[in-house]
S.K.: 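Pasting in a structure now, in structure tokens, and then I'll have a few things to ask.
Heavy atoms only: backbone and side chains are in, while hydrogens, waters and symmetry mates are out.
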Amino acid sequence: MTENENEKMIETEGMMKRKQAKTSDDLITELMRRRTWKYTVFIMCLMVVWTGGPPAVYLTSFAGIDPTVNDTWTCVSDKCFNLTSKNSSLLDQFPCDITEKVDGKDQLVFVPSDIEWDLAHTSFSVEFDLYCDVGSRQSQKTLLSSIYFAGALTGLIIGGYLFDKIGRKKSAMIGTLVAGISIFTGTFCHNYLLLLALRFFLGVGRYMTSTAMFILTVELVPTKQRNLVNGWASCLWVLGYPAAAGIGYFIPDWNYMFLTASIFYLITTLNVFFCIESPKFYLINNNEQAAKRAFKALAKLNDMELDLENVEILDAGSAKQREQSIKQQLMDFARYPTLRLESGILMSLWFVVAMFYYGFNFGWGTIVPDLYLGYITAGVGELIAYVLVVPLIAQLGRRRAMMFMFTGASLSYLLAIPVLNFGGGWSLNSVSCLVGIVFVSGCFAGVYLWTGEVAPTSHAGLVFCLCSGAARIGSFLGPYIFNNLAPVTHTAVPLGGSGNSGSSLQPRLFSDSGDRDFYNRANRG
């Protein structure tokens with residue numbers, strides 16, 4: 001063999017041994033392109049955790065139904081018997097209307113220990129004396145709904161650290177256990193403060209789980225298919241509405257409602273313990289070997305062998321060339337104006353959307369004449385929104401679609417300003433709110449998708465934490481607007497119109513994220 005031939009052979013062998021360079025997105029795209037039914041089912045099942053959301057979140061709406069003037073009650077205490085024997089007309093009055101002045105303040109004459117209600121369902125509202133709008137009772141009841149979002153904010157702060165520290169899967173597992181135990185313990189709860197604590201920890205756990213699984217799922221599909229994943233996840237959420245209404249309607253005891261909801265939640269979150277961790281989590285932590293093992297596990301679902309021994313994953317460690325501490329990530333917001341601007345706008349959008357979305361969904365009992373019908377109808381409206389938002393985003397792009405949905409929500413609110421009653425408990429306000437929930441739900445889905453795409457992988461956990469944190473503040477305020485302002489709920493309508501009008505202009509400041517590579521963009525200036 002001549003010297004030239006030997007040099008060519010050595011060069012050829014060197015090229016064969018040289019690693020092939022690929023990005024993690026290239027590998028994800030290849031897996032999706034060669035997907036089998038097992039891989040498709042795996043991706044679709046990741047977001048089933050969202051189906052368990054409505055029965056857990058809105059459980060207080062059904063377990064705490066207030067008695068009405070049409071419900072009957074009887075005396076059980078000597079005090080009640082004595083007063084009604086002296087004034088029999090009291091028996092024809094609603095107990096909430098029977099008050100007396102004590103130190104200049106209205107006080108109920110009959111407390112829960114004085115009377116017994118003949119109700120089709122038991123209610124913690126009756127057990128804890130929260131059903132009358134006297135004193136701070138209604139505020140205390142609303143707090144049981146709103147405290148969930150204080151817990152959610154806490155869970156997101158914890159999750160913002162854990163998502164990028166221990167992984168999306170492990171964070172979701174911890175959240176599932178916390179939420180599941182909280183709902184189940186409600187089966188034995190007969191104390192207001194305990195129920196308040198359980199609702200708080202439910203928020204902590206459920207938002208850790210749902211956000212971690214959303215990030216994980218988005219990271220396992222190519223950019224152009226994330227819109228479909230977002231629509232699918234939203235539809236799974238809607239499937240929880242009939243479950244929530246069914247639990248509230250068919251289970252007569254409010255404690256057993258919690259038991260049933262905990263079983264349903266467990267069933268919908270079992271896959272959290274068996275799913276595959278996102279390879280991108282390993283990559284941002286510079287663990288290329290673990291990422292390759294995760295890619296191979298995903299490849300097995302496609303019945304394919306993925307040879308990664310001679311593959312160099314280009315983005316391995318590129319998002320974590322420096323220590324990714326919370327302090328460092330927060331410093332990046334001051335250092336990079338684009339990251340700061342986009343995150344700030346998203347936080348504002350999340351606040352507005354969540355305020356009115358959860359204001360609606362905790363207020364159907366006062367907006368429409370029938371609570372169960374309200375939730376079922378709202379679920380149908382949300383389903384329409386989530387089915388339509390996918391092709392709408394695909395056709396118009398993220399930015400224009402968001403502007404359209406915010407504008408539609410704004411017009412729906414403003415349409416309800418005139419006071420017009422249709423009879424049977426229905427009004428222009430209630431009808432416009434049912435229309436408005438379609439647009440608000442579309443906004444919610446769009447904002448969720450946009451956040452997943454705008455946030456760079458190295459900062460995904462923190463950006464989701466900040467945005468969802470802003471949403472939780474809005475969520476906390478929403479139930480107070482629609483419940484405690486029930487006599488003047490109309491006031492919330494023009495407020496929603498002006499809020500959504502302003503929000504419809506903010507997406508103009510974004511570039512459309514659908515076709516751009518958004519991973520590892522922490523250094524955008």
Side-chain angles (χ1 to χ4, degrees), residues 45-65 121-128 141 143-152 154-156 158-159 169-214 233 236-275 358 361-362 371-372 375 379 475:
C45 287
L46 288 175
M47 294 306 301
V48 171
V49 296
W50 279 30
T51 306
V57 177
Y58 303 129
L59 193 56
T60 51
S61 296
F62 302 100
I65 292 180
H121 297 78
T122 64
S123 169
F124 67 73
S125 185
V126 172
E127 184 172 338
F128 301 150
K141 181 181 178 182
L143 185 60
L144 286 171
S145 298
S146 293
I147 196 67
Y148 168 87
F149 298 106
T154 304
L156 288 165
I158 297 172
K169 177 181 177 179
K170 289 182 180 178
S171 300
M173 291 169 62
I174 294 172
T176 297
L177 291 174
V178 171
I181 292 173
S182 298
I183 306 174
F184 177 74
T185 306
T187 308
F188 314 100
C189 178
H190 294 284
N191 179 273
Y192 173 80
L193 292 179
L194 175 58
L195 184 57
L196 202 64
L198 294 178
R199 291 287 296 175
F200 176 85
F201 285 108
L202 171 61
V204 173
R206 212 202 71 79
Y207 264 84
M208 282 182 62
T209 300
S210 60
T211 306
M213 293 302 290
F214 182 81
L236 288 174
W237 167 268
V238 171
L239 291 179
Y241 276 88
I247 290 173
Y249 187 82
F250 292 107
I251 307 299
D253 187 286
W254 76 265
N255 290 107
Y256 290 149
M257 290 183 193
F258 275 79
L259 175 62
T260 308
S262 68
I263 295 173
F264 186 80
Y265 190 81
L266 175 63
I267 293 173
T268 57
T269 54
L270 278 176
N271 62 321
V272 167
F273 299 93
F274 305 103
C275 68
Y358 285 108
N361 285 327
F362 278 108
L371 174 67
Y372 306 101
Y375 275 94
S475 304

S.K.: What's the spacing between N191 CG and E127 CD if we round to 0.5 Å?
M.R.: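 Going from the CG atom of N191 to the CD atom of E127 covers 9.5 Å.
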S.K.: Once rounded to the nearest 0.5 Å, what's the spacing between atom OG1 of T176 and atom CD1 of I181?
M.R.: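 Answer rounded to 0.5 Å: 10.5 Å.
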S.K.: Who pairs with T154 by side chain to side chain contact (heavy atoms under 4.5 Å, CB included), at least two apart in sequence or on another chain?
M.R.: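 Expected list: I158, F200, V204.
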S.K.: What's the separation between atom CE in M173 and atom CE in M213, rounded to the nearest 0.5 Å?
M.R.: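 If I round to the nearest 0.5 Å, the distance is 11.0 Å.
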S.K.: Decide side chain to side chain contact (heavy atoms under 4.5 Å, CB included) for R199 and L143; before the verdict, give the C-alpha distance in whole Å, the side-chain angles of both, and the deciding distance to 0.1 Å.
M.R.: CA-CA 10 Å; R199 291 287 296 175; L143 185 60; over 6 Å; no
S.K.: I'd like to know whether the aromatic ring centres of F62 and Y372 sit less than 6.0 Å apart in this structure.
M.R.: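 Yes; Y372 has its ring centre under 6.0 Å from that of F62.
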S.K.: I need the Y375 OH to L371 CG distance, nearest 0.5 Å.
M.R.: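 The CG atom of L371 is 6.0 Å from OH of Y375, to the nearest 0.5 Å.
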S.K.: Working to the nearest 0.5 Å, report the span between CG of L198 and CD1 of I147.
M.R.: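 The CG atom of L198 sits 11.5 Å away from the CD1 atom of I147.
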S.K.: Treating H121 as the side-chain partner and A63 as the backbone partner, does any N or O pair qualify as donor plus acceptor under 3.5 Å?
M.R.: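 Pair absent, no side-chain N/O of H121 close to backbone of A63.
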S.K.: Check whether any side-chain heavy atom of F273 lies under 4.5 Å from a side-chain heavy atom of L177, and answer yes or no.
M.R.: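 F273 reaches L177 side chain to side chain.
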S.K.: Could you pull out the closest heavy-atom pair between S171 and A212, with the gap in Å?
M.R.: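 Closest pair (atom of S171, atom of A212, distance): CB-CB, 4.3 Å.
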S.K.: Please report the closest heavy-atom contact between K141 and G64, naming both atoms and the distance.
M.R.: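 Nearest heavy atoms, K141 then G64: NZ-O, 2.5 Å.
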S.K.: Are side-chain heavy atoms of Y265 and T209 found at a separation under 4.5 Å?
M.R.: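 Contact flag for Y265/T209 side chains = yes.
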S.K.: Is it true that, when you exclude Y256 itself, more than 12 heavy atoms of the residues, nucleotides or ligands shown sit nearer than 6.0 Å to its OH?
M.R.: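 No, not enclosed.
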S.K.: Give a yes or no on this: more than 12 heavy atoms of other residues, nucleotides or ligands lie within 6.0 Å of atom CZ of F264.
M.R.: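 Correct, the count exceeds 12.
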S.K.: Could you check whether any side-chain heavy atom of F128 comes within less than 4.5 Å of a side-chain heavy atom of L195, counting everything from C-beta outward?
M.R.: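 In short, these two side chains touch, coming nearer than 4.5 Å.
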S.K.: Does the plane of the ring in W50 sit parallel, tilted or perpendicular to the ring in F214? Use 30° and 60° as the thresholds.
M.R.: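 Parallel, since the angle between the ring planes stays under 30°.
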S.K.: Do the rings of F124 and W254 sit parallel, tilted or perpendicular, given the 30° and 60° boundaries?
M.R.: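 Perpendicular, since the angle between the ring planes exceeds 60°.
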S.K.: Heavy atoms only: give me the nearest Y241-G379 pair and the separation to one decimal.
M.R.: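 Nearest heavy atoms, Y241 then G379: CG-CA, 4.0 Å.
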S.K.: From T185 OG1 over to N255 CG, what is the distance, rounded to the nearest 0.5 angstrom?
M.R.: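 Result: 11.5 Å between the selected atoms.
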S.K.: Could you walk me through whether F258 and L202 pass the side chain to side chain contact (heavy atoms under 4.5 Å, CB included) check?
M.R.: CA-CA 12 Å; F258 275 79; L202 171 61; over 6 Å; no
S.K.: What are the two closest heavy atoms between I174 and M208, and how far apart are they?
M.R.: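 Scanning both residues, the minimum pair turns out to be CG2-CE, 4.2 Å.
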S.K.: L236: which residues meet the side chain to side chain contact (heavy atoms under 4.5 Å, CB included) condition with it, sequence neighbours left out?
M.R.: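 L236 satisfies side chain to side chain contact (heavy atoms under 4.5 Å, CB included) with M47, V48, T51, W232, L239 only.
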S.K.: Using the ring of each side chain (for Trp, its six-membered ring), is Y58 parallel, tilted or perpendicular to Y358, with breaks at 30° and 60°?
M.R.: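 Tilted: the ring planes of Y58 and Y358 meet at 30° to 60°.
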S.K.: Specify the closest pair of heavy atoms between T60 and S145, including all atoms of both residues, with the distance to one decimal.
M.R.: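 Nearest pair, atom of T60 first, then S145: OG1-OG, 3.1 Å.
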S.K.: Looking at residues at least two apart in the chain, or sitting in another chain, which of them share a side chain to side chain contact (heavy atoms under 4.5 Å, CB included) with A261?
M.R.: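 Side chain to side chain contact (heavy atoms under 4.5 Å, CB included) check on A261 returns L59, I183, I247.
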S.K.: Decide side chain to side chain contact (heavy atoms under 4.5 Å, CB included) for R206 and V57; before the verdict, give the C-alpha distance in whole Å, the side-chain angles of both, and the deciding distance to 0.1 Å.
M.R.: CA-CA 9 Å; R206 212 202 71 79; V57 177; 3.7 Å; yes
